[in-house]
Amino acid sequence: MKRSVAERMLRLGIRDVDLDETFARSGGPGGQNVNKVATAVTLRHRPTGITVTTQDSRSQATNRKLARERLLDAIEKAEQRRRVAQVSEREKIRRRKSPRPAALKRKILESKRKRSELKKQRARIDD
């Protein structure tokens, strides 16, 4: 179920005063309407700096609605990426702090001993 634009804005804590909305003439199909009327909408969220431009429709009102929806999608994606980065950073720190299991430590040390023996034998052959 898709939420309304107002509900999503409220949930994300976005206010109308945080948005800069500018209008320009669209290009592409639409005939005289797009050549005469400023139907393209550019919406910018000042706190995050995210900007979207919409000129899909011949109607400015439709483009305004689409621009808001796309801006909210972009902000939600950015928020989700930020949360994922925070979680992965926390996990990275947790793994760094946790001690190595004893079995893994023994395995690493055994591997080092084998490598050492191999190098000692190689040194004897070279002499």
Inset, instruction - Given side-chain contact (heavy atoms from CB on, under 4.5 Å), test Arg64 with Thr54 step by step and report yes or no. - result: CA-CA 8 Å; Arg64 286 182 74 194; Thr54 307; over 6 Å; no
Inset, instruction - I would like to know whether Glu110 and Arg106 meet salt bridge (charged side-chain N to carboxylate O under 4.0 Å, His left out); could you show each step before the answer? - result: CA-CA 6 Å; Glu110 185 60 36; Arg106 277 194 305 273; over 6 Å; no
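No more than 12 heavy atoms of other residues, nucleotides or ligands shown are found within 6.0 angstrom of CZ on Arg15. Around CZ of Arg96, the count of heavy atoms belonging to other residues, nucleotides or ligands within 6.0 Å exceeds 12. Arg82 CZ: more than 12 foreign heavy atoms inside a 6.0 Å radius.
At a threshold of 4.5 Å between non-hydrogen side-chain atoms, the residues His45 and Ile75 count as touching. Using a 4.5 Å heavy-atom cutoff, the side chains of Glu117 and Arg113 are not in contact. Using a 4.5 Å heavy-atom cutoff, the side chains of Leu43 and Thr22 are not in contact. Side-chain contact between Val5 and Leu72 is present, with heavy atoms from C-beta onward closer than 4.5 Å. Between Glu79 and Glu76 the shortest side-chain heavy-atom distance does not fall below 4.5 Å. The side-chain heavy atoms of Gln86 and Glu91, taken from C-beta on, include no pair separated by under 4.5 Å.
Within the 3.5 Å criterion, the main-chain N or O of Val41 finds no donor-acceptor partner in the side chain of Gln60. Proximity of a side-chain donor or acceptor of Arg46 to a complementary backbone N or O of Val17 within less than 3.5 Å is detected.
A salt bridge is absent between Glu7 and Arg11; no separation between the charged side-chain nitrogens and carboxylate oxygens falls under 4.0 Å. Electrostatic pairing of Arg44 and Asp18 does not count as a salt bridge here, judged by no charged N lying under 4.0 Å from a carboxylate O. By the 4.0 Å N-to-carboxylate-O rule, Asp56 lies close enough to Arg70 to be salt-bridged with it. With salt bridges taken as basic N to acidic carboxylate O contacts below 4.0 Å, one links Asp73 and Arg8.
Taken to the nearest 0.5 Å, the CD atom of Glu69 stands 9.5 Å off from the OG atom of Ser4. Note that CD of Gln55 and CG of Asn63 are 8.0 Å apart. Values are rounded to the nearest 0.5 Å. Here NZ of Lys97 is found 11.0 Å from CZ of Arg94. Values are rounded to the nearest 0.5 Å. With rounding to the nearest 0.5 angstrom, the CG atom of Leu12 is 10.5 Å from the OG1 atom of Thr48. Residue Gln121 holds its CD atom at 10.0 Å from OG of Ser116, rounded to the nearest 0.5 Å. Between the CG atom in Asp20 and the OG1 atom in Thr42 there is a gap of 10.5 Å [rounded to 0.5 Å].
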